[in-house]
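Data first, discussion second: the structure below is written as structure tokens.
Please read these numbers as outputs of a predicted model, since none were measured by experiment.
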Amino acid sequence: MPDVARFGANPAAGSELFDEPGPRDACGVFGVWAPGEDVANLAYYGLYALQHRGQEAAGIAVGDGRTVVVFKELGLVAQVFDEITLSSLSGHVAVGHTRYSTTGSSTWENAQPSYRTARFGGPIALGHNGNLTNIVELAQGLDAGRDRLRATTDSDLITAMLADHSGPTLADAAMAVLPRLAGAFSLVFADASTLYAARDPHGIHPLVLGRLDEHPDGAWIVASETAALDIVGATFVREVQPGEMIVIDAAGVRSHTFAEASPHGCLFEYVYLARPDTAIAGRSVHATRVDVGRQLAREAPVEADLVIPVPQSGVPAAVGYAEQAGIPFGEGLVKNSYVGRTFIQPSQTIRQRGIRLKLNPLRDVIEGRRLVVVDDSIVRGNTQRALVRMLREAGAAEVHIRISSPPVRWPCFYGIDFATRDELIASDAGVEEIRASLGADSLAYVSLEGLVAASHQPAQALCRACFDGVYPVPLTESAKLGKHRLEPVAGAQTTADMIAEAMRRKVTLGMNGADPSPDNHDDVDLADDADPAPRAGGNPVTREENGLAPGPGLDPPPAADRHGAQRPEPAGARQA
């Protein structure tokens with residue numbers, strides 16, 4: 001058992017405690033090695049299955065044995081890619097990424113896959129799920145001339161470190177760089193011909209390996225969740241192990257261990273992040289959530305007429321609660337699946353009405369009844385407060401809130417964009433105080449022990465930091481600076497100046513760039529009813545190659561120009 005660290009004081013909660021958004025997801029990564037297949041389309045469908053993990057940007061990099069071309073843009077997967085774009089991405093190896101920003105703001109430069117040309121020759125494209133905790137220390141070691149960060153993410157930093165290594169192959173570079181990374185990382189990366197995947201020694205976020213069995217020469221898939229394997233017709237083989245890097249090429253799949261494993265899988269994956277049709281450590285996420293609901297009913301019974309879920313993430317736990325309690329299950333809230341993310345709206349009034357755009361109560365089901373409302377988590381309380389008010393306006397006689405996770409008291413530094421601790425409603429407030437703030441008749445959370453038991457994993461193999469404040473990866477002071485710790489700071493001229501200024505000011509920037517809507521359920525099934533087929537037209541091609549933006553048909557620069565030479569930019573392309 002490695003050393004653990006406890007972080008944070010217990011600052012007094014202010015009125016702003018209840019004014020912030022809910023949790024934002026991690027990212028989704030997808031990789032495919034499949035000669036003779038349309039790897040760009042496979043990556044597109046894989047990312048579509050992982051869209052719930054990030055809605056800010058999407059990108060795909062494709063290698064053909066000679067070059068790597070990257071297409072990325074802000075927006076949802078179906079908005080970024082169309083048939084024309086996908087048909088232009090030809091090759092046998094691909095890396096895909098769908099992003100929610102947990103390090104670095106939501107800008108085009110920070111979209112992934114990130115790209116570099118390696119010192120030892122050849123391209124590198126990389127997608128990352130997770131957060132590094134030693135990003136500032138690693139950034140201070142970069143060569144300011146050659147390796148200046150092109151983005152403000154830990155993902156670009158990893159790519160720069162790989163590109164800077166002098167070893168003869170990308171595999172050599174990775175085996176040297178990966179042990180230096182601290183925190184959470186599930187990586188999928190590639191050069192022009194080979195696919196790589198790696199998972200941090202704690203295995204904090206999931207990463208799985210699958211195979212396309214009908215492919216005559218063997219074809220392999222790596223993805224954040226097993227649901228992405230299902231959508232492309234791949235068979236689950238195994239999880240990428242903590243501390244393992246796998247290499248996939250014409251010789252098959254090879255495994256390398258770069259660090260000793262000390263498993264601490266994210267418990268919040270079971271609560272909220274993962275799709276219900278995904279399996280983690282051999283355990284169905286849906287089955288886990290149903291069991292948590294049953295446990296919640298045992299721990300917090302109440303006399304009621306109807307159990308209703310908060311769509312969609314509250315549904316499995318509500319089913320379990322109703323079964324255990326013997327209370328009828330019903331749909332009391334209707335979700336509008338076609339409402340987009342409200343953070344892009346300029347009007348605060350529109351943002352505040354966001355939950356009413358997304359959820360509407362069924363008055364004839366609710367009126368005069370005592371309700372048990374099951375939700376997955378309470379982070380700041382905005383969603384639940386608005387729901388209670390809506391249900392009472394619809395005629396509910398009583399509203400009893402039941403939460404299928406323990407109180408979230410601590411921020412996450414490993415890839416979930418929780419706010420700083422003083423913004424979490426449960427950091428100081430007790431259950432009764434929170435209940436009064438929400439306006440509910442009663443409030444209860446499942447116990448941490450009950451949630452862990454439902455996962456069918458030993459407690460010591462899970463990261464529970466957001467619930468108990470015990471962090472499996474020790475945190476430096478720089479890790480506590482927030483998601484923008486590599487962003488420019490006023491008056492800072494270089495990366496080193498910026499870091500020093502941020503440390504001096506003890507910058508903690510929290511949730512800047514996240515969705516200020518009070519609803520924290522809008523992105524779990526945002527595109528459930530959308531047509532997953534690629535759409536023609538709509539977006540100009542955005543390509544990144546060797547750090548610039550050449551259009552289709554341009555050859556890579558000669559070796560002498562690989563590190564910063566200016567190249568012609570075609571019409572419609574964006575400068576990287």
Side-chain angles (χ1 to χ4, degrees), residues 26-54 58-64 77-78 81 86 89-98 113 125-129 186-190 193-199 203 205-241 244-255 265 269 273-287 527-528 532-534:
C27 297
V29 295
F30 187 88
V32 54
W33 188 91
E37 296 287 338
D38 189 341
V39 295
N41 266 285
L42 288 173
Y44 173 88
Y45 283 101
L47 293 182
Y48 206 94
L50 298 172
Q51 182 74 91
H52 61 289
R53 299 186 71 89
I60 296 174
V62 175
D64 61 3
V77 175
F81 295 100
L86 292 172
L89 299 174
S90 60
H92 68 274
V93 60
V95 170
H97 189 270
T98 182
L126 178 142
H128 171 211
N129 173 29
S186 289
L187 303 175
V188 177
F189 53 106
S193 59
T194 305
L195 181 67
Y196 302 81
R199 197 174 177 202
H205 293 298
L207 192 63
V208 296
L209 174 67
R211 180 176 182 133
L212 294 170
D213 291 324
E214 297 181 0
H215 194 280
D217 301 319
W220 299 90
I221 307 291
V222 180
S224 291
E225 298 187 26
T226 61
L229 303 181
D230 297 336
I231 200 171
V232 298
T235 301
F236 171 77
V237 175
R238 65 177 178 88
E239 293 191 352
V240 178
Q241 295 302 305
E244 179 188 25
M245 180 183 74
I246 61 175
V247 181
I248 304 173
D249 58 16
V253 178
R254 300 182 299 284
S255 173
E269 290 277 355
L273 297 184
R275 283 173 51 142
D277 53 341
T278 278
I280 301 175
R283 172 70 165 159
S284 161
V285 171
H286 174 81
D528 279 354

For [X], what residues pass the side chain to side chain contact (heavy atoms under 4.5 Å, CB included) criterion, not counting sequence neighbours?
X	result
Ala58	Val77, Val80, Phe81
Thr226	Val208, Phe236, Thr278, Ala279
Asp230	none
Ala250	Trp33

Does [X] reach the main-chain N or O of [Y] with its side chain, forming a donor-acceptor pair under 3.5 Å?
X	Y	answer
His97	Leu126	no
Arg199	His205	yes
Thr98	Gln51	no
Asn129	Gly28	no
His92	Ser193	yes

Looking only at non-hydrogen atoms, find the nearest pair between [X] and [Y] and report the distance.
X	Y	result
Val95	Gly127	CG1-N, 3.9 Å
Ala219	Ala34	CB-CB, 3.6 Å
Ala43	Ile60	CB-CD1, 3.9 Å
Ala61	Ala125	CB-CB, 3.5 Å
Val62	Ala40	CG2-CB, 4.2 Å
Gly96	Leu47	C-CD2, 3.5 Å

Gap between atom [atom2] of [Y] and atom [atom1] of [X] - 0.5 Å precision:
X	Y	atom1	atom2	result
Ile231	Glu225	CD1	CD	12.0 Å
Ile246	Gln241	CD1	CD	10.5 Å
Leu207	Leu187	CG	CG	8.5 Å
Leu229	Ser224	CG	OG	10.0 Å
Asp38	Tyr44	CG	OH	12.5 Å

Side chain to side chain, Val237 and Val253, heavy atoms closer than 4.5 Å: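 The answer is no, as the side chains (C-beta and beyond) never meet within the 4.5 Å cut-off.
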
Between Ile221 and Phe30, is any pair of side-chain heavy atoms under 4.5 Å apart?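 Result yes, sub-4.5 Å side-chain heavy-atom pair found.
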
For Glu244, side-chain hydrogen bond (donor to acceptor under 3.5 Å, both in side chains) partners two or more places apart: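 Counting only residues at least two positions away or on another chain, Glu244 forms a side-chain hydrogen bond (donor to acceptor under 3.5 Å, both in side chains) with Arg238, Ser255.
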
Output, in order, the C-alpha distance, side-chain angles, deciding distance and verdict of side chain to side chain contact (heavy atoms under 4.5 Å, CB included) for Ile248 and Val222. CA-CA 10 Å; Ile248 304 173; Val222 180; 4.2 Å; yes

Taking only residues at least two apart or on different chains, which pairs with a member in residues 206-215 satisfy side chain to side chain donor-acceptor pair (under 3.5 Å)?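 Qualifying pairs: Asp213-Thr235.
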
Before giving the answer on side chain to side chain contact (heavy atoms under 4.5 Å, CB included), spell out for Val285 and Arg275 the whole-Å C-alpha distance, their side-chain angles and the decisive distance to 0.1 Å. CA-CA 7 Å; Val285 171; Arg275 283 173 51 142; over 6 Å; no

